[in-house]
A.B. asks: 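Below you'll find the structure I mean.
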Amino acid sequence: MDARHHPLSEEQLARLRRRLGERLIVLIGMMGAGKTSIGRRLANILSLPFLDADSEIEKAANLSISEIFEHYGETHFREGEERVIARLLSGGPAVLATGGGAFMSEATRQACGDMGITVWLKADVPVMLERVRKKGNRPLLKGADPEGTMRALLKEREPIYALADIVIASREAPHQVVVSDILTALQAHLHQGATA
Ligand code: S3P
């Protein structure tokens, strides 16, 4: 189904995978930016495994993210997040969706830079808020003013997210449009300096 809705031919996709080599495509950005659903589609089109860091953390801990925050606190969560992402980055080519705070860790940024191509999915606050509101499973936004919290987090994180290799506007457009934008940007990025 997805195959009809993106700009690259099979040959171009194969070349993209070749140029990616052992690297991963690492999606970063705020909660509600669409990293998981967009990442899954992107992986599907590229015939690569899809990895979701939050799910892997939950599996490793046998607890939900909310439970980890509640029982052990954010610092503990962040340590686990660093370890899990380091492990996922060493597992070969894949599309990896990271949690919104992951890229704030210098160690994770370094590892992502070494092993992956980083893509910041940049979305507007109302779009992200609407998406997270539907699920209600983000411990950081459980307070009285989720919008204020999100804006404050964004202000702190934006300059760091901006270090990504590629920046993509994750608009309210259908996900397939955003996926197409990523594919086009990846192709251009991987083409730079490539010879084959
Ligand atoms: C967080 C984002 C969440 C999850 C945790 C903390 C953050 O992931 O890792 O609730 O600090 O922004 P998503 O970005 O997938 O929602």
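Whatever order the structure lists them in is the order used to number ligands and atoms, beginning at 1. Since this is a predicted model, take the numbers as computed values, not measurements.
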A.B. asks: Using a plain distance cutoff, I'd like to know if D54 has any nitrogen or oxygen under 3.5 Å from a nitrogen or oxygen of ligand 1.
C.D. replies: yes
A.B. asks: May I ask whether L140 and I57 are part of the same hydrophobic cluster, defined by side-chain heavy atoms of I, L, V, M, F, W, Y residues being less than 4.5 angstrom apart, directly or through others?
C.D. replies: yes
A.B. asks: Give the cluster check for V84 versus I28: same hydrophobic cluster or not, with ILVMFWY residues linked at side-chain heavy-atom distances below 4.5 Å.
C.D. replies: yes
A.B. asks: Is the shortest side-chain heavy-atom distance between P146 and R138 below 4.5 Å?
C.D. replies: no
A.B. asks: Does a side-chain heavy-atom distance below 4.5 Å link K122 with S170?
C.D. replies: no
A.B. asks: Under 4.0 Å from a heavy atom of R78: give me the atoms of ligand 1 that qualify, with their elements.
C.D. replies: 6 (C), 7 (C), 11 (O)
A.B. asks: Using a strict threshold of under 4.0 Å (side-chain N to carboxylate O), is an ion pair present between E82 and R78?
C.D. replies: no
A.B. asks: Quick check on contacts: which atoms of ligand 1 are under 4.0 angstrom from a heavy atom of G101?
C.D. replies: 7 (C), 11 (O), 12 (O)
A.B. asks: Using a plain distance cutoff, I'd like to know if G100 has any nitrogen or oxygen under 3.5 Å from a nitrogen or oxygen of ligand 1.
C.D. replies: yes
A.B. asks: Do side-chain atoms of R157 reach the backbone of M104 as a donor and acceptor pair under 3.5 angstrom?
C.D. replies: no
A.B. asks: Which atoms of ligand 1 have any heavy atom of F77 under 4.0 Å away?
C.D. replies: 9 (O)
A.B. asks: Hey, which atoms in ligand 1 end up nearer than 4.0 Å to a heavy atom of I65?
C.D. replies: 5 (C), 10 (O)
A.B. asks: Of the side chain and backbone of R157, name the one, both, or neither that has a heavy atom under 4.0 Å from an atom of ligand 1.
C.D. replies: side chain
A.B. asks: Please say whether T36 places an N or O atom under 3.5 Å from an N or O atom belonging to ligand 1.
C.D. replies: no
A.B. asks: Within ligand 1, which atoms have a heavy atom of L140 less than 4.0 Å away?
C.D. replies: 7 (C), 11 (O)
